[in-house]
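Letters A, B, ... are given to chains in the order of the sequence lines, protein chains preceding strands, and every chain is numbered from 1.
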Amino acid sequence: MPTVVLMDASLSMTRPVSLDQGSEELQRKNLAVAGLTMLFEHMASNYRLEFTSLVAFSSLWELLVPFTRDYNTLQEALSNLEDYDKTCLEAALHGVSNVVQQEWGHACPTQVVLVTDGSLGIGKGSLRHSLQTLKQRPEDKKFPLPFPFPAKLFIMCIASAEELQMTDTMDNLEKLLQLNGGDGQIFTMEGQLCLKSVQSMFGRLIDAAYSPFHAVLRCGNLTSDVQVFPRPEPVFLDQEVDPLPKHVLTDLEIVGFIEIGDISSPPVISRHLVLPIAVSKEVDDVGAGAPEELEEETSANQQAGKAPNFCVLLHGSLKVEGMVALVQVGPEWHGMLYSQADSKKKSNLMMSLFEPGPEPLPWLGKMSQLGPISDAAENPYGEDDSRSPFPLQPPVKRSYAQNVTVWIKASGLQTDVQKILRNARKLPEKTQTFYKELNRLRKAALAFGFWELLKGVAELLERECTLLPDTAHPDAAFQLSHAAQQLKLASTGDSQYSLFEHNINPMHTDFSGGGVDILL
Amino acid sequence: MKLFSVSHKTAFVVDHCPYMAESSRQQVECDVLTKSRGQGVIPLAPVSKSLWTCAVECSMEYCRILYDNWPQHMIILNFLILNFLQVNYIVSDSEFHILNSWRQEDQSTHELMSALAAVGPPNPREDPECCSVLHGLVAAVESLCKITEYQHEARTTLMDTADRVANRGRIICLTNAKSDTHVRMLEDCVQETILEQNKMAASSDRLMPIQQCELVLVHIFPQGEDTLVSDRPKKEVSSLLTSEVHSVRAGRHLATKLNILVQQHFDLASTTITNIPMKEEQHANTSANYDVELLHHRDAHLDINFDFLSSLLLCCVGDLHMAGSTSRDSGLKETVTLKWCTPRTNSVELHYCTGAYRISPTDVNSRPSSCLTNFLLNGRSVLLEQPRKSGSKVISHMLSSHGGEIFLHVLNSTRSTLEDPPSISEGCGGRVTDYRITDFGEFMRENRLTPVPETLDADASEKIPSERAKAQLERHTRYWPMIISQTTIFNMQAVVPLANLIVKESLSEEDVLTCQKTVYNLVDMERKNDPLPISTVGSRGKGPKRDEQYRIMWNELETLVKTHVGGSDKHQRVLDCISACRSKPPEEEERKKRGRKREDKEDKSEKNCNKDTEDKSWQESERLKGALDREKEEQVESEVIKDSPDSPEPLNKKPRLEEIQLPEKAKGPVSLLTMWTNRITVANSRKHQEFAGRISSVNNKAELYQHLKDENGMDLHENGKAAR
């Protein structure tokens with residue numbers, strides 16, 4: 001989930017923070033930079049794969065750093081930040097929307113961290129003004145929220161809640177959050193405005209959105225500690241039926257394995273890297289007994305690199321065999337583990353999550369009904385792996401898989417009638433197809449109450465009968481007049497002849513050698 | 001969409017009054033004469049559909065698209081009611097006829113067709129005064145109160161919060177209304193009936209009150225006539241009921257209208273696949289390009305980017321302009337065009353797919369449509385490309401069938417946030433090179449999943465299939481070394497039969513026999529002194545000696561089997577067989593411990609002789625030296641040097657002992673197994689000296705740590721570590 005940091009660079013950010021000690025004069029901007037520095041440092045060490053970009057805004061906005069994993073660049077840009085004029089949030093949010101869409105498209109969930117002092121401008125272009133005119137806008141000048149992509153909005157206020165509540169700022173920010181679908185949070189500073197409280201505020205943000213997700217991957221008794229990146233987000237299904245979100249458990253339990261061809265590119269709601277990690281316990285065992293931090297970590301990683309890890313084994317075999325592991329991540333929630341190649345050299349263990357629910361993939365059936373092959377009387381994959389129990393067939397065939405009759409367009413009806421006539425001219429060789437087509441038309445005509453058609457086709461058949469050449473097989477005439485008569489009877493609506501399930505059968509004749517005998 | 005939105009239930013009411021037998025006055029020429037046969041034949045007069053036929057076939061088309069696009073059991077259950085009337089010639093008494101129920105078995109076009117045929121077209125000679133569509137509407141409201149299987153299921157699982165399951169529905173009424181007042185009367189009637197039914201439903205278990213109802217009235221009139229009813233957009237009649245009126249000419253217009261309605265009601269959108277190459281029937285060696293239009297859930301268009309959409313809007317405007325003369329309705333058609341990419345390979349690939357939606361061709365039995373669907377149903381997948389004037393090609397969708405259902409897959413076509421991740425070889429365990437990749441592949445094949453049919457009389461105590469799959473994984477991994485150098489037995493072909501069988505939940509007699517055979521086979525190998533595939537990684541020199549190799553192997557085999565002993569007596573029998581056959585009886589473990597204790601005390605090196613510590617061969621050899629020194633004085637203790645299963649064999653010779661001791665005291669008739677075991681034991685006992693403890697044991701039980709009593713105080717040896 002990429003992050004956009006939207007930094008308020010307006011003049012009001014340079015307001016000094018009143019400190020009792022009066023030692024060094026701090027601006028609100030300094031506090032904001034300190035908080036962001038903390039966030040960047042945290043990400044650099046614990047959330048390294050996150051793409052982050054930095055946008056500064058006042059009355060205009062500027063993309064200072066495009067999406068990157070290089071936190072030094074971000075830090076540098078932050079420290080070189082200049083001061084500009086007034087706050088105009090609407091334009092800046094448009095900017096964020098553009099930046100994200102250009103890079104990631106419309107489906108990528110994004111986190112927007114807005115850092116501001118809470119003075120949101122005055123007059124035109126101020127947030128208050130934007131929100132007031134929300135409903136009177138033409139189509140091309142809509143407010144940028146909600147974003148066209150799923151987004152979480154975190155508003156970091158370099159101000160206390162009381163300060164914001166004195167004006168209507170808090171209400172406006174809350175309204176902003178609502179416009180975004182309620183996804184996000186407003187953070188304010190607790191107590192005095194100082195470095196400590198800004199750090200505690202960003203600490204809360206880190207806990208809420210940037211703490212690494214650790215889990216245990218299990219396959220029976222084989223286990224591995226893993227980090228799942230990005231963090232799996234809670235999912236709301238239908239808020240009406242189940243208002244509580246579904247969370248991914250920290251126990252990822254493999255249920256079994258399925259071939260890639262059988263699972264066949266299933267739809268997923270998110271993708272995550274599954275990275276094996278060395279748990280600190282093991283580090284202790286190795287005897288690195290010192291504080292923590294980077295050097296220890298690398299040495300611990302080196303040690304861990306040499307100890308066999310289940311993730312690596314699993315990844316290798318999934319890759320070689322072309323299979324996926326079905327993994328249960330919660331009650332009635334599953335995903336799949338597979339080898340994902342980034343380039344020829346690099347590949348990784350990836351987890352994709354399916355839509356929560358008992359049956360996320362119709363062609364696999366209910367997840368709870370997937371059992372071991374040893375449960376089946378005979379191996380469903382065949383002794384030589386030539387068969388597969390997948391995909392499951394739906395109980396009812398779809399319209400395109402059965403020969404449905406649709407006469408909405410005249411051409412549909414004409415084709416069906418012509419098909420009958422074509423076969424009628426090739427009687428008795430085509431007796432079987434002739435009656436098959438005839439019965440199909442009869443059924444549809446009865447269902448649609450289209451009796452006039454039955455009469456019409458009966459007349460057509462009678463005419464065909466008179467047009468038969470002298471060389472025609474004598475059976476042809478019999479079959480045609482028999483069919484015509486049956487259609488006429490059906491068109492009367494007489495229940496004896498117009499039963500839907502009833503079929504017109506070929507007339508039994510004594511001519512030997514005709515195709516009729518084969519049918520009887 | 002909410003699970004129980006208005007789209008969960010749809011009730012169709014089709015008017016069956018005599019007026020509907022009127023001709024739609026749209027004529028269909030069904031006798032198309034070919035040029036060669038034209039002469040002298042009088043063509044058949046064109047046929048025309050009645051209003052009834054038009055209404056029925058259009059509502060069937062609505063159902064067809066619906067059934068194609070939604071899973072049968074889930075969101076939608078369809079319902080068709082006809083206002084069918086029977087006139088008794090004394091009292092004109094009208095009745096309605098319900099064609100199907102909410103039950104899943106009834107939800108198919110075939111069922112509906114069959115029921116429709118039984119109803120037949122309306123009789124134009126009936127008295128129009130005694131029938132009214134009202135009866136149908138009342139029945140529709142009643143049916144909406146009836147609970148569907150899916151609602152029932154949801155209510156049962158939610159238990160306390162069952163009231164969260166909502167009951168909403170939609171009534172689509174195809175009729176010929178007399179006037180706007182007539183329409184208002186119908187609305188009022190529906191409103192009243194809902195109130196009435198809700199009262200009844202409140203006190204019933206099988207009924208649910210209606211929370212929201214959408215009434216869609218479609219007024220049908222023949223071609224060439226003026227409508228008496230005006231169109232009206234959706235309006236709220238009450239908090240429970242909304243109503244809208246569509247006034248449509250029968251025939252083509254009605255079909256278009258219902259097609260638009262089904263798209264609105266079920267959030268469908270249209271995609272046109274262009275450039276599909278198809279062989280011409282007449283000229284088999286040429287191919288022409290065709291277009292096929294598909295309907296599917298509109299979310300399949302979510303990812304399509306903006307510039308593309310805007311160019312599309314332009315297309316639509318263009319279409320509108322061209323189609324302007326024909327009809328307003330057809331101009332509304334919006335479709336996204338995607339280009340066919342002829343599949344080049346049949347390789348299976350796992351695409352990153354963000355959604356998969358069922359499709360339904362708009363023109364299901366046209367030749368291009370059936371060509372496309374048959375191609376897909378035969379198991380081929382087709383990638384679809386966004387048409388662009390410039391830039392690289394963007395594959396954004398894929399058409400693929402799964403078990404007779406065709407899905408439009410949405411593929412991710414934007415930059416991935418997971419690009420350039422650290423390779424797995426850089427992380428934990430990444431430097432290890434001898435993983436048992438092939439063996440684990442085999443393990444995965446054995447643990448593939450298969451759908452197990454649901455049994456109705458499922459035993460509550462029996463585990464559900466997925467739990468059984470997990471239990472199997474647990475059994476199969478009780479002893480599963482991950483790297484080749486950690487194992488001996490899994491590198492041996494000879495162990496395979498036993499290793500495959502022992503993980504089974506229960507063993508048959510035959511299985512036990514196979515396992516025993518495997519063990520005998522190993523004994524035989526040992527007798528012949530066959531080499532074992534023992535890893536030499538981590539040990540110096542040539543690695544362990546042959547007999548030590550076998551010891552390691554037996555220990556490992558025992559470890560494997562021991563993890564399954566809890567399973568059944570038969571598993572125990574396999575373990576017994578191993579214990580009996582192997583060169584080193586398990587009692588030795590105890591002997592070893594005791595020996596080590598003593599050794600610790602005496603050995604100046606003060607090594608911690610943790611039995612489980614592996615790969616500490618240098619310690620072993622240190623200890624070995626000490627042991628060898630002692631050997632001269634205390635020959636009894638020489639067995640001490642044998643340690644944990646994986647430690648390499650010390651380089652020294654073992655003492656050969658002449659004395660023969662039988663550890664087992666056979667009672668009663670001697671079985672072949674006992675004889676064999678004895679023989680082996682005797683043979684083996686020649687190679688080593690019997691454990692002192694066992695010699696002096698009572699009933700095969702020896703007291704441990706006797707020396708502690710004799711010698712130093714307890715404090716020194718509490719943890720088996722010398723405190724000195």
Margin query: Between B:Pro453 and chain A, with a heavy-atom cut-off of 4.5 Å, which part of the residue counts as in contact: side chain, backbone, both or neither?
Written below: backbone
Notebook entry, point to check: For A:Lys397, which residues count as a side chain to side chain donor-acceptor pair (under 3.5 Å) partner, sequence neighbours excluded?
Noted result: none
Next item on the list: Heavy-atom distances under 4.5 Å only: say whether B:Ile65 touches chain A with side chain, backbone, both or neither.
Entry: neither
Check: Salt bridge between A:Asp262 and B:Arg448, side-chain N to carboxylate O under 4.0 Å?
Finding: no
Notebook entry, point to check: Below 6.0 angstrom between ring centroids: does that apply to B:Phe440 and A:His315?
Noted result: no
Next item on the list: With a 4.5 angstrom heavy-atom cut-off, could you sort out which part of B:Asn365 is near chain A: side chain, backbone, both or neither?
Entry: side chain
Checklist line | Proximity breakdown for B:Val452 and chain A, heavy-atom pairs closer than 4.5 Å | finding: both
Check: Heavy-atom distance under 4.5 Å to chain A: side chain of B:Asp439, backbone, both or neither?
Finding: neither
Notebook entry, point to check: Do side-chain atoms of B:Ser423 reach the backbone of A:Lys346 as a donor and acceptor pair under 3.5 angstrom?
Noted result: no
Notebook entry, point to check: Side chain, backbone, both or neither: which part of B:Arg445 has a non-hydrogen atom closer than 4.5 Å to chain A?
Noted result: both
Item checked: Reported CG-to-CZ distance for the pair B:Asn447 and A:Phe257, which is rounded to 0.5 angstrom -> 6.5 Å
Note to self: Parallel, tilted or perpendicular: which one describes the rings of B:His402 and A:Trp363, with boundaries at 30° and 60°?
What the structure shows: parallel
Margin query: Quick check on A:Phe51 against chain B: is it the side chain, the backbone, both or neither that has a heavy atom closer than 4.5 Å?
Written below: side chain
Check: Where does A:Ile269 contact chain B at under 4.5 Å (heavy atoms): side chain, backbone, both or neither?
Finding: neither
